[in-house]
Amino acid sequence: MSTLKVDGIRSNSATSDAITLASDGTCTANITNNLSNRNIIINGAMQVAQRGTSTTTNGYLIDRFRSNLGGLDQFAFTMSQSSDAPTGFRRSLKFDVTTAETGGIGSDEYAGLRYIIEAQDVAHLLHGTSAAKTFTLSFYAKAYQTGTYAVNFYVGDSARIYNATYTINQSATWEKKTITVVGDTGGSGINLDNGHGIYINWFLGSGTDYTSSSSALNQWSNYQDASWAHGQVVDITSSTNNYFQLTGVQLEVGSVATDFEHRPFGQELALCQRYCYNHEIQGSIGPYAMQYEASHKFVHDFFPVTMRAQPSYTITYNTSSPTPYYPSSTHFKAYVNSAYNATSTIYMSSAIYFAEL
Amino acid sequence: MTYTYKLLGNHTGPGIPANTPIDYVLRKEDNLMIPKDKANTDYQEYLAWVAEGNTAEEAD
């Protein structure tokens with residue numbers, strides 16, 4: 001048996017070691033693929049869709065991802081979970097134009113997709129300090145329109161924004177895009193709480209009110225309306241031929257876009273349920289209201305994971321709606337007037353809870 | 001879409017202190033029940049709506 005004794009291993013063309021060996025017998029390695037828990041984005045492969053698989057309403061559909069429209073008039077769209085995806089993926093988010101905006105997008109209008117990272121999931125990026133960390137966003141996009149699209153990263157806690165662009169080179173073809181963002185040493189940083197951390201906005205069209213910034217791209221600056229969609233050229237609202245698809249979204253610390261981290265579906269679903277929980281009730285017969293005193297019953301519904309905040313909800317019952325009591329991020333409960341010897345039962349028929357950002 | 005809201009009054013259940021307000025507001029257009037939790041973004045939208053000078057419908 002022999003031992004290779006070196007202090008480091010590096011490529012002939014690299015300027016730093018891939019593996020650095022220490023005198024205490026340990027080593028550090030710059031491994032760029034297959035590490036676990038490096039993707040800060042939840043549901044980046046667009047597999048979890050608790051709200052359904054198609055909508056024409058501005059807002060959330062596929063878990064954690066939403067459309068984000070402002071000021072549009074005639075424009076209409078369908079957003080769906082599509083089975084069209086690049087190699088290595090099985091689902092994508094598809095945003096398809098069904099009614100064009102007359103005359104194209106107006107100066108005070110914009111359209112795009114949005115993901116918001118919870119603040120305490122990116123507080124370790126140490127924005128607002130000299131130790132701010134670089135991070136990298138990667139994703140796969142497919143669009144009818146070629147050209148320049150804008151992405152921004154917005155930190156609400158400190159009203160800071162970073163604008164970048166990417167190019168769709170070929171129509172109707174999946175392309176992988178990578179944007180590396182240097183850490184923000186300015187501003188007041190990101191709070192360590194359950195609020196809004198970093199917004200990621202993929203713009204699909206924007207009026208000049210939001211693109212007229214004179215600031216340079218690829219740097220952090222204080223927010224202004226004119227930089228909201230800075231760099232956006234394509235206007236998806238111009239024709240019903242237009243569509244945009246997105247999947248394989250990954251955001252990770254460092255300057256390298258590693259392979260997409262595929263997590264087990266159950267793990268991905270649990271991560272999503274912190275923000276939305278659709279209690280799928282078999283046969284429309286869910287948790288029963290149980291007697292807690294002679295004339296009243298209580299119904300409880302415990303969440304599978306602690307939600308980000310006390311959730312809003314839409315619940316239906318087989319009969320009159322109980323009154324919610326002491327909301328919590330861990331469970332729902334409500335009481336209803338019903339005698340202990342009542343002949344009819346009371347139960348939930350459907351329940352969906354929202355604690356989105 | 002512009003939403004409107006309705007207050008829900010006080011609890012009436014046994015074992016619950018009298019005049020305890022129900023900790024939710026109702027968003028009328030989609031029957032969404034919103035907890036009075038400042039971390040809830042639906043409640044944040046409600047508070048912004050009130051700050052604009054709007055008033056929720058009184059409880060029954």
Side-chain angles (χ1 to χ4, degrees), chain A residues 51 56-60 66 69 116 118-120 156 191 193-196 199 274-276 289 291-299 307-317 321-329 331-340 350-357, chain B:
Chain A
R51 298 169 178 83
T56 57
T57 302
N58 184 29
Y60 283 95
R66 60 162 296 165
L69 311 180
I116 305 174
E118 187 172 335
Q120 53 204 351
N191 297 339
D193 62 20
N194 63 347
H196 300 76
Y199 296 66
R274 178 169 172 78
Y275 306 92
C276 174
Q291 210 72 32
Y292 86 99
E293 65 89 58
S295 63
H296 285 75
K297 292 181 171 68
F298 247 112
V299 59
M307 300 193 75
R308 183 191 64 82
Q310 296 169 14
S312 311
Y313 69 84
T314 301
I315 296 175
T316 59
Y317 298 87
S321 295
T323 301
Y325 185 63
Y326 272 67
S328 162
S329 59
H331 72 285
F332 169 83
K333 62 180 178 294
Y335 63 87
V336 60
N337 189 337
S338 178
Y340 74 94
S350 68
I352 185 165
Y353 305 88
F354 306 101
E356 275 293 355
L357 286 161
Chain B
M1 183 176 190
T2 303
Y3 292 113
T4 57
Y5 302 86
K6 182 177 181 178
L7 304 176
L8 298 175
N10 294 333
H11 283 290
T12 58
I16 299 172
N19 300 319
T20 304
I22 298 172
D23 297 321
Y24 285 83
V25 293
L26 172 67
R27 197 165 74 186
K28 295 165 61 177
E29 284 70 19
D30 57 359
N31 287 317
L32 184 72
M33 295 284 280
I34 300 171
K36 295 176 181 176
D37 175 6
K38 290 184 177 178
N40 181 294
T41 53
D42 296 315
Y43 189 57
Q44 291 170 6
E45 288 180 11
Y46 165 73
L47 293 175
W49 181 80
V50 171
E52 291 171 359
N54 299 297
T55 304
E57 180 183 338
E58 288 295 325
D60 295 330

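Heavy-atom basis, side chains included; hydrogens, waters and symmetry copies ignored. So that the names make sense, note that chain A is the first sequence line, chain B the second, and so on, each numbered from 1.
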**Complete:** Max heavy-atom pairs within cutoff under 4.5 Å with chain B, candidates A:Ala355, A:Ala294, A:Gly195, A:Pro311, goes to A:Pro311
**Fill in**
Among B:Leu32, B:Ile34, B:Leu8, the residue with the most heavy-atom pairs under 4.5 Å to chain A is B:Leu32
**Request:** Hey, could you give me the CZ/CE distance between A:Phe332 and B:Met33, rounded to the nearest 0.5 Å?
**Result:** 7.0 Å
**Prompt:** Given a strict heavy-atom distance threshold of 4.5 Å, which part of B:Ile22 is in contact with chain A: side chain, backbone, both, or neither?
**Reply:** side chain
Distance-only donor-acceptor screen, chain B against chain A, under 3.5 angstrom:
residue	atom	partner	partner atom	Å
B:His11	ND1	A:Tyr335	OH	2.8
B:Thr12	N	A:Tyr335	OH	3.0
B:Gly13	N	A:Tyr335	OH	3.3
B:Pro14	O	A:Tyr292	OH	2.8
B:Met33	N	A:Tyr313	O	2.9
B:Met33	O	A:Tyr313	N	2.9
B:Asp37	OD2	A:Gln310	N	2.9
B:Ala39	O	A:Arg308	NH1	3.2
B:Ala39	O	A:Arg308	NH2	2.8
B:Asn40	OD1	A:Ser312	OG	3.3
B:Asn40	ND2	A:Gln310	O	2.8
B:Asn40	ND2	A:Ser312	OG	3.1
B:Thr41	OG1	A:Glu356	O	2.9
B:Asp42	OD2	A:Ser312	OG	2.6

**Prompt:** Does any pair with a residue in residues 9-18 of chain B pass salt bridge (Lys or Arg N to Asp or Glu O under 4.0 Å), and if so which ones, sequence neighbours excluded?
**Reply:** none
